[in-house]
Structure formats: C-alpha cells, structure tokens
Amino acid sequence: MIDLGHKPVLEGEKVILRPFKEEDFPYIKECLTDYEVLKLTGSDMDFDFEEEAEIILDWYRTRHTQTDRLDLAIVDQSQGILVGEAVINLNKS
C-alpha cells in the first residue's frame, strides 16, 4: 500500500503546492462559494458555506494527517495566496 502521509512542498515558477495553513481559509471559502468551481468539480451547489464553515475548515485542518490521500494547497507565487487545491486519492479496493 502506498502511504501518502508525507505532505511535500513542491515549488515551481508560478505556483507552490504545499499543505494547507490557517491563512488559506479565507481563500478556501472564496473557492468553495464560486459557482464555476462548484460546477466544474461536481460539488453540491445548494450548501450554505456560513452554516457549514466550521465543519469544512476542520476538515481542511485534518488533511495533513491523512495517509490515504494527498491534499495540497495551490498557492500563487506572485500573490502568496491560495488559488486552488490538488488532491490525490488512493483507490482502496
């Protein structure tokens, strides 16, 4: 079995892929309330972020402890802010 417990920091010319940080949370909200993001990811478009905010942010806070998936923030180098996320899920079957 592949262990995705190690969360790397990958730095390119334009973006950094790294584990999530608390300062990412305002930008996560922006992404998760963007109509196009919700549509293109097949996410539930009828949820209320404000009602679910603490649950969602707690979920992001636990991403670094997962060994069966790799969740990384995509950070724009020029602005130093989160612009998205990259996820790798292991197939458990």
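- Between Ile28 and Phe20 the shortest side-chain heavy-atom distance falls below 4.5 Å.
- When all heavy atoms of Asp24 and Ala73 are compared, the pair lying nearest together is OD2-CB, 4.0 Å.
- Cluster membership for Ile16 and Tyr60, using ILVMFWY side-chain heavy atoms within less than 4.5 angstrom, is not shared.
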When you look at Thr67 and Leu4, which way does the side-chain contact (heavy atoms from CB on, under 4.5 Å) test go after all the steps? CA-CA 4 Å; Thr67 59; Leu4 294 176; 5.8 Å; no
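- Looking at Pro19 and Val9, their side chains come closer than 4.5 Å, going by heavy atoms from C-beta outward.
- Summarising the local packing, CG of Leu10 is surrounded by more than 12 heavy atoms from other residues, nucleotides or ligands at distances under 6.0 Å.
- Every residue was checked against the salt bridge (charged side-chain N to carboxylate O under 4.0 Å, His left out) condition with Glu13, not counting sequence neighbours, and none meets it.
- A donor-acceptor pair under 3.5 Å is absent between the side-chain atoms of Asp34 and the main chain of Cys31, judged by distance alone.
- Residues Pro26 and Leu82 form no side-chain contact, since every pair of their non-hydrogen atoms from C-beta on lies 4.5 Å or further apart.
- In this structure the side chain of Gln77 reaches within 4.5 angstrom of the side chain of Glu11, judged on heavy atoms.
- Cluster annotation: Val75 and Leu17 are assigned to distinct hydrophobic clusters (Ile/Leu/Val/Met/Phe/Trp/Tyr, side-chain heavy-atom contacts under 4.5 Å, transitive).
- By the 4.5 Å heavy-atom criterion applied to side chains, Leu70 and Lys7 are counted as neighbours.
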Validation: residues 49-56 side-chain donor-acceptor distances under 3.5 Å, sequence neighbours left out:
residue, atom, partner, partner atom, Å
Glu50, OE2, Lys29, NZ, 2.5
Glu54, OE2, Arg61, NH1, 3.2

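- Put simply, the side chain of Leu90 reaches to within 4.5 Å of the side chain of Ile2, judged on heavy atoms.
- Qualifying salt bridge (charged side-chain N to carboxylate O under 4.0 Å, His left out) partners for Lys14, counting only residues two or more places apart in sequence or in other chains: none.
- In this structure, Tyr27 has no ring-ring contact (aromatic ring centres under 6.0 Å, His included) partners at least two apart in sequence or on a different chain.
- In the hydrophobic clustering, where aliphatic and aromatic side chains (Ile, Leu, Val, Met, Phe, Trp, Tyr) are joined below 4.5 Å either directly or transitively, Val87 stands alone.
- In the hydrophobic clustering, where aliphatic and aromatic side chains (Ile, Leu, Val, Met, Phe, Trp, Tyr) are joined below 4.5 Å either directly or transitively, Val37 stands alone.
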